Amino acid sequence: MKRRDFLKYSLNVLIALNFGCSLKGLVGEGEKVALIYGTKYGSTRDTAAWIQEGLEGNAALMNVEEMDFGETVSRYDSFIAGSGVWIDGIHKKLKEFLKSHSTQLQERVLGSFVVCGSQDTTEGGRKRIGGYLRQISSPLGYQPAAKRFFGGRIIVEQLTDSDREALETFYSKFLNQELHSWDRTDKYKAVKYGKELEQVIEKYSVRT
Ligand SMILES: Cc1cc2nc3c(=O)[nH]c(=O)nc-3n(C[C@H](O)[C@H](O)[C@H](O)COP(=O)(O)O)c2cc1C
């Protein structure tokens with residue numbers, strides 16, 4: 001919370017106490033949240049929109065490719081950052097944003113998530129997912145309070161030629177399968193994460 005907002009909040013608390021009001025409703029009020037996502041084929045955008053639904057709309061959905069970095073950092077109080085994963089990497093622009101504004105973003109990124117093909121059912125899968133989430137936390141220098149991974153999707157007909165060729169090679173060489181379409185996006189899990197984030201944001205607002 002910025003100093004200005006903190007003073008406003010403290011004043012509101014004082015007024016509420018003087019008038020014998022409950023503090024409920026003041027908590028987190030005015031906290032502006034930006035939900036920033038990086039996508040290539042749309043499943044991360046869908047997941048981010050479901051998270052926003054869980055937050056009951058109390059977050060602005062922002063495509064990292066379309067936003068102005070400086071303006072976003074100054075306009076919002078808290079951030080949630082998420083990305084798809086392509087050949088072991090999160091969205092380049094998201095990395096660039098987190099790195100170039102890491103000082104201003106100290107303790108203000110409360111949630112991070114990745115949308116990927118790896119699953120958490122094996123030790124190797126969990127390690128890969130941990131590595132993808134670290135690509136978000138490393139440039140920041142701290143772990144956001146609520147981290148999550150989500151299943152993504154591949155629709156073969158939508159892939160660019162180079163992505164299809166890369167995946168065809170990966171599937172035949174490492175999975176011993178033909179490349180096929182799949183969809184493991186999960187609206188329920190994303191909405192639930194959004195609700196959890198709402199609690200985190202409230203807690204953060206009270207603490208600061
Ligand atoms: C070219 C390509 C490379 C991928 N590489 C990985 C990878 O290294 N690890 C992984 O877990 N998932 C990988 N995936 C799966 C994507 O993370 C998944 O399809 C995700 O839903 C993509 O997000 P998007 O729909 O927002 O673009 C890859 C997908 C594509 C198309």
Side-chain angles (χ1 to χ4, degrees), residues 33-55 59-67 69 72 79-99 109-140 143-144 146-194 196-197:
V33 184
L35 206 174
I36 301 165
Y37 66 89
T39 188
K40 191 165 179 186
Y41 293 105
S43 71
T44 309
R45 184 195 53 232
D46 293 347
T47 304
W50 294 327
I51 295 170
Q52 186 196 35
E53 208 178 300
L55 277 159
L61 205 54
M62 313 194 68
N63 185 334
V64 74
E65 288 178 25
E66 292 162 8
M67 67 186 214
F69 290 180
T72 304
F79 305 87
I80 299 152
S83 177
V85 175
W86 311 273
I87 322 200
D88 275 341
I90 63 164
H91 200 291
K92 278 202 186 86
K93 274 227 152 183
L94 185 66
K95 261 191 191 172
E96 202 183 302
F97 170 65
L98 301 171
K99 207 170 166 187
V109 181
L110 303 180
S112 62
F113 66 95
V114 288
V115 179
C116 60
S118 300
Q119 298 179 75
D120 64 352
T121 44
T122 62
E123 186 58 31
R126 285 191 288 277
K127 270 198 178 149
R128 274 195 305 279
I129 291 164
Y132 302 150
L133 284 165
R134 266 198 302 283
Q135 292 184 35
I136 297 180
S137 62
S138 291
L140 291 169
Q143 298 280 347
K147 296 174 286 176
R148 198 72 19 109
F149 100 94
F150 297 96
R153 75 175 163 248
I154 281 178
I155 300 171
V156 177
E157 300 73 41
Q158 289 179 357
L159 297 172
T160 62
D161 289 346
S162 63
D163 279 355
R164 200 189 57 250
E165 278 159 29
L167 285 176
E168 273 169 354
T169 309
F170 173 77
Y171 268 70
S172 73
K173 229 176 167 177
F174 296 101
L175 303 179
N176 213 14
Q177 297 174 10
E178 264 190 34
L179 175 64
H180 57 272
S181 299
W182 50 265
D183 188 345
R184 286 196 288 273
T185 54
D186 188 341
K187 179 174 180 181
Y188 178 79
K189 185 176 170 183
V191 171
K192 197 161 165 254
Y193 176 59
E196 196 182 310
L197 278 169

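Atoms within a ligand are numbered from 1 in the order they appear, just like the ligands themselves. All values below come from the heavy atoms of this structure, side chains included, with hydrogens, waters and symmetry mates left out. Since the structure is predicted, the reported quantities are computational estimates derived from the model, not experimental observations.
Judged as a side-chain hydrogen bond (donor to acceptor under 3.5 Å, both in side chains), and not counting sequence neighbours, Asn176 has no contacts.
For ligand 1, the 4.0 Å heavy-atom shell takes in Thr39, Lys40, Tyr41, Gly42, Ser43, Thr44, Gly84, Val85, Trp86, Ile87, Asp88, Val115, Cys116, Gly117, Ser118, Tyr132, Gly152, Arg153, Ile154, Leu159, Asp163, Leu167, ordered by chain and residue number.
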N/O donor to acceptor pairs below 3.5 angstrom from side-chain atoms of residues 150-159, sequence neighbours left out:
unit_1	atom_1	unit_2	atom_2	d
Arg153	NH1	Asp46	OD2	3.2
Arg153	NH2	Asp46	OD2	2.8

With a cut-off of 3.5 Å and sequence neighbours excluded, list every side-chain donor-acceptor pair involving residues 90-99.
unit_1	atom_1	unit_2	atom_2	d
His91	ND1	Lys93	N	3.1
His91	NE2	Glu65	OE2	2.8
Lys95	NZ	Gln135	OE1	3.4

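In terms of heavy-atom proximity, Tyr41 sits nearest to Asp163 at OH-OD2, 2.6 Å.
Rounded to the nearest 0.5 Å, atoms CH2 (Trp50) and CZ (Arg45) are 10.5 Å apart.
Salt-bridge annotation for Lys192 and Glu196: absent, with no side-chain N of the basic residue lying under 4.0 Å from a carboxylate O of the acidic one.
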